[in-house]
Protein chains: 2
Amino acid sequence: MTASPPPQGTHPYNRSMSTRPTRTNRRTVYDELRRRVIGLDFGPGAPLSENELAAELGVSRTPVREALIMLAQDGLVQVFPKVGSFVSRVDAQRVSDAQFLREAVELASLDDIPADPDPEVVAELRANLAQQELAEDDLDQFFLLDEQFHHGLLRLAHHEGTWQSVVAAKAHLDRARRLGLHDRSLHDFTVQHTEVLDALLSGGAEEARPLMRAHLRAVFDDIERLRARSPELFAPSVGQPTRRNIAVWE
Amino acid sequence: MTASPPPQGTHPYNRSMSTRPTRTNRRTVYDELRRRVIGLDFGPGAPLSENELAAELGVSRTPVREALIMLAQDGLVQVFPKVGSFVSRVDAQRVSDAQFLREAVELASLDDIPADPDPEVVAELRANLAQQELAEDDLDQFFLLDEQFHHGLLRLAHHEGTWQSVVAAKAHLDRARRLGLHDRSLHDFTVQHTEVLDALLSGGAEEARPLMRAHLRAVFDDIERLRARSPELFAPSVGQPTRRNIAVWE
DNA sequence: CAGCAAGTGCTTGTATACAATAACTGTCTA
DNA sequence: TAGACAGTTATTGTATACAAGCACTTGCTG
């Protein structure tokens, strides 16, 4: 009873796997809510009612609730039992940690990119950069291309499995960036991306590392500048029960 | 409707937070199942029936199901819709990526440990090492102390927020280690831990880094040796629909 | 008027019933 | 005997009903 035998015969692990769409409502709701949280359609601190979301999305509470549990594990939502669910505030410490993790992983991965990288992936990265230059006005499109670019670099290093952790950290960074990223041109980032790739292909990890570090730091500096300007958007690092009233919309 | 206003008055974020136990059944089940998966009470590939688990644990399907969803996000469980839920096999690529992420984060964190580290945490680490020497026969106890040790190092670097990602990666490593970690004495690891801490406190990150790298590599080498010896415990990196029959227990 | 207290409405947590579907099993047929 | 095929069983996905608890409201009371 406690020790169940492994599956016999055709195990799902051995079957198609590739041709398996299996789009459950839970997954659809998860993707949608995650998009709204990162895209600031749901601002930090906003309450998320399971009943309301279920009604709006045309499903029952179950898939909504399960999606919220997944988002809570991502750190994007906080669930207070018997009280309510809320979009996580932008925690300064969490943003810092996300930046730290991303920087550590992405810089280390540069060392594992072979001297003869997969030409197919390189071509994708080139095409991606070309698109970045065209999409510098569309923040959503730019973030999408940005994700694909950094994902591609990890694929070059054969560390695609770490992408999940990186993208989870990146979610918090992007949310913070989106709060006040209007005065800086996205073109700067595209230039930095191009410099990183060029240095990598010509000089290897040695030359690419300082450029990558500068790029990731530039992203982080943007967030720090925003925090200095609008500290109220960020949650206190270790919250004493402050109980000051939050500004009320409307 | 789409843009809910932020909470008014006393927001849960402003309340106790510290004195909030809130142990739901979901959390209890999650902790228990995670312990069993990592502790190999549920072997890789074992089927996990929601109904069976619910009956055994004395709860309904709901908390069990939600716990499985959380475990699936950790990569420890795979859920195939309308088919079944299974403990993830030990994927070689995933173990490699987990090792890579852990190494990148922990090595980078050494640089951020101040020259005058928190004496309280240092004392905890010393006490932890003393306990390690006493617990070298109890694998469960050793893994617990090992976690606390590496967690403490991250706390010294003020990057405690990354612990969640590290412990998620460590779960896959520990599971792999547990499969065949019997021929090597745990004492070696305790010695390595001590060397890392001593070097850190006397010579800083410069001296600690190579020792930490050696330690993490030693853990990884253990796993690689196991894979060479018992490849059937590992899932194929990119699964072609192999359909070979898995060895059947009992 | 201040303070307290019961009540009310909302929230999430849990249990359960039903639906959809994949996989196995037995039977029938050529 | 081999294979096709339909029925059976077990699985997860979803919807819904009920339970438990917190926070706010409202009325009472001193």
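In the text below, chain A, chain B and the rest are named by the order of the sequence lines, each starting its count at 1. No hydrogens, no waters, no symmetry mates; every other heavy atom, side chains included, goes into these values.
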Write down the distance between CD (B:E66) and C1' (D:dT12), rounded to a whole number of angstrom. 14 Å
Parallel, tilted or perpendicular, as decided by the 30° and 60° cut-offs, for the rings of A:H151 and A:W163: parallel
Going by the angle between their ring planes, with limits at 30° and 60°, are A:H159 and B:F100 parallel, tilted or perpendicular? parallel
Does D:dT11 have OP1 or OP2 sitting under 4.0 Å from an N or O in the side chain of B:S49? yes
Rounded distance in Å - CG (A:L68) to C1' (C:dG13): 13 Å
How many Å lie between CG on B:N25 and C1' on C:dT12, as a whole number? 13 Å
So, A:R36 and A:E56, do they make that salt bridge, N to O below 4.0 Å? yes
Assess the side chains of A:Q132 and A:N128: does a donor N or O sit below 3.5 Å from an acceptor N or O? yes
Once you apply a heavy-atom cut-off of 4.0 Å, does B:R26 come out as touching a base, just sugar-phosphate, or nothing? sugar-phosphate
Using atom CD of A:E50 as one end and atom C1' of C:dT14 as the other, report the distance to the nearest whole Å. 12 Å
Taking atom C1' of D:dA20 as reference, at what distance in whole Å does atom CZ of B:R23 sit? 18 Å
Per atom distances to the B:P63 side chain, the nearest of C:dT14, D:dA15, C:dG13 is C:dT14
In terms of the nearest nucleotide of DNA chain D, which residue is placed more toward the 5' end: A:K82 or A:R27? A:R27
Touch class at under 4.0 angstrom, heavy-atom based, for B:I69 against every strand present: nothing
Under 4.0 Å between any heavy atoms, over every strand shown, what does A:R65 touch: base, sugar-phosphate, or nothing? Just pick one. base
So if I take every side-chain heavy atom of A:T24 and compare against D:dA15, C:dT12, D:dG13, which nucleotide ends up nearest? D:dG13
Within a strict 4.5 Å, meaning less than it, do heavy atoms of the A:R175 and A:V87 side chains meet? yes
B:R61 has an atom CZ; how far is it from atom P of C:dA19, in whole Å? 14 Å
Between A:S85 and A:T62, whichever has its closest DNA chain C nucleotide further toward 5' is A:S85
Nearest whole angstrom, please: distance from the C1' of D:dG13 to the CZ of B:F80. 16 Å
From CG of A:N51 over to C1' of D:dC18, roughly how many Å is that when rounded to an integer? 13 Å
